[in-house]
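Following: one structure in structure tokens, then a few remarks.
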Amino acid sequence: MTPANYLRLRRKASGLTLEQVAERLMPRAGFRPMVVAFLRILETDGCTARHRDHIERLTSVFPLDPDVYFQLVTDPANSLPSICSGCGCSAYDPCTAAGGTCRFVAPDACDRCLTNANRRAA
């Protein structure tokens with residue numbers, strides 16, 4: 001899992017487009033295209049945020065864990081937490097809904113994503 005993919009999955013799991021995230025981050029419409037461009041860069045594999053506050057600001061718009069993001073940037077793959085390949089949740093930032101929080105049922109899948117995948121396959 002790359003940091004870019006983690007951000008993209010968390011944003012999409014929240015049902016938000018890049019434009020919607022930019023709108024929530026930047027009240028002045030004139031600056032939103034720059035915010036969208038920056039977000040697009042952050043969601044490009046090989047690119048990462050240099051400043052923690054850039055990622056922390058995103059937490060006001062959609063759920064993600066800055067610690068998980070920066071672990072993906074700096075830590076070896078074998079020391080990373082389990083991250084769902086469907087929605088990007090982890091033990092540190094699980095999916096939450098009326099039914100409670102999700103749990104991992106496979107090394108890279110939470111029960112909600114696995115259930116949704118099974119429903120689509122049926």
Side-chain angles (χ1 to χ4, degrees):
M1 171 84 55
T2 65
N5 195 35
Y6 172 69
L7 284 182
R8 187 173 36 258
L9 287 172
R10 297 308 290 150
R11 176 183 56 80
K12 287 184 175 184
S14 297
L16 298 171
T17 65
L18 291 172
E19 291 76 14
Q20 290 169 323
V21 174
E23 183 178 329
R24 293 177 185 185
L25 286 172
M26 183 58 60
R28 299 184 84 186
F31 293 106
R32 287 185 197 144
M34 288 185 301
V35 175
V36 169
F38 181 68
L39 293 170
R40 193 167 277 123
I41 289 168
L42 287 178
E43 288 189 4
T44 301
D45 283 334
C47 298
T48 57
R50 292 184 184 167
H51 304 286
R52 187 175 182 88
D53 61 320
H54 291 150
I55 301 304
E56 287 178 351
R57 286 202 60 209
L58 293 175
T59 65
S60 69
V61 181
F62 58 91
L64 72 127
D65 188 316
D67 291 332
V68 169
Y69 177 86
F70 284 103
Q71 282 181 318
L72 290 167
V73 172
T74 62
D75 292 0
N78 62 353
S79 69
L80 297 173
S82 294
I83 299 173
C84 180
S85 60
C87 69
C89 75
S90 73
Y92 304 115
D93 60 336
C95 301
T96 56
T101 59
C102 70
R103 59 187 170 83
F104 275 80
V105 292
D108 68 342
C110 73
D111 57 352
R112 292 194 181 162
C113 287
L114 200 56
T115 300
N116 290 339
N118 288 339
R119 282 185 193 146
R120 285 190 299 272

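The structure displayed is predicted, hence computed values, not measured ones.
- Here the OG-CD distance, from S60 to E56, works out to 10.5 Å after rounding to the nearest 0.5 Å.
- When the side-chain contact (heavy atoms from CB on, under 4.5 Å) test is applied to V73, the partners found at least two apart in sequence or on another chain are P3, T48, Y69, F70.
- Using a cut-off of 4.0 Å between Lys/Arg side-chain N and Asp/Glu carboxylate O, R10 and D93 are scored as salt-bridged.
- To the nearest 0.5 angstrom, C89 atom SG is 4.5 Å from F104 atom CZ.
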**Request:** Show your reasoning for whether side-chain contact (heavy atoms from CB on, under 4.5 Å) applies to L7 and L39.
**Result:** CA-CA 9 Å; L7 284 182; L39 293 170; over 6 Å; no
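- With a 4.5 Å cut-off on side-chain heavy atoms, I83 and L9 do not count as touching.
- Under the 3.5 Å distance criterion, the side-chain polar atoms of T44 are matched with a main-chain donor or acceptor of R40.
- A heavy-atom distance below 4.5 Å is found between the side chains of P81 and Q71.
- Residue D45 holds its CG atom at 10.5 Å from CE of M1, rounded to the nearest 0.5 Å.
- At least one side-chain heavy atom of R52 sits less than 4.5 Å from a side-chain heavy atom of D67.
- Heavy atoms from other residues, nucleotides or ligands lying under 6.0 Å from CZ of R57 number 12 at most.
- Distance check: L42 CG to R50 CZ gives 11.0 Å after rounding to the nearest 0.5 Å.
- Listed for the Y6 side chain is no donor-acceptor partner under 3.5 Å among the backbone atoms of L64.
- Legend: residues meeting side-chain contact (heavy atoms from CB on, under 4.5 Å) with P76, ordered by chain and number and at least two apart, are N78, S79.
- Residue pairs meeting the salt bridge (charged side-chain N to carboxylate O under 4.0 Å, His left out) criterion with at least one member in residues 70-84: none, sequence neighbours excluded.
- Remark: L16 engages R11, S14, Q20, V21, R24, V61, F62 in a side-chain contact (heavy atoms from CB on, under 4.5 Å) (not counting sequence neighbours).
- Under the 4.5 Å side-chain heavy-atom criterion for Ile, Leu, Val, Met, Phe, Trp and Tyr, I41 and V36 are members of distinct hydrophobic clusters.
- Contact annotation: the side chain of P66 approaches that of T59 to within less than 4.5 Å [non-hydrogen atoms, C-beta and beyond].
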**Message:** Could you walk me through whether V68 and L72 satisfy the side-chain contact (heavy atoms from CB on, under 4.5 Å) test, starting with their C-alpha distance in whole Å, then the side-chain angles of each, then the deciding distance to 0.1 Å, before giving a yes or no?
**Reply:** CA-CA 6 Å; V68 169; L72 290 167; 4.3 Å; yes
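- Minimum heavy-atom separation, P27 to R32: O-NH2, 3.0 Å.
- Screening P94, C84, S82 for a side chain to side chain contact (heavy atoms under 4.5 Å, CB included) with C110, the sole residue that qualifies is C84.
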**Message:** side-chain contact (heavy atoms from CB on, under 4.5 Å) for N5 and R8? Distances and angles first, verdict last.
**Reply:** CA-CA 5 Å; N5 195 35; R8 187 173 36 258; 3.3 Å; yes
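- Considering only residues two or more places apart in sequence or on other chains, S85 meets the side-chain contact (heavy atoms from CB on, under 4.5 Å) condition with D108.
- With hydrogens and angles ignored, the 3.5 Å screen pairs no side-chain donor or acceptor of D111 with any backbone N or O of V105.
- Pairs passing the ring-ring contact (aromatic ring centres under 6.0 Å, His included) check and including a residue from residues 23-44, sequence neighbours excluded, read F38-H54.
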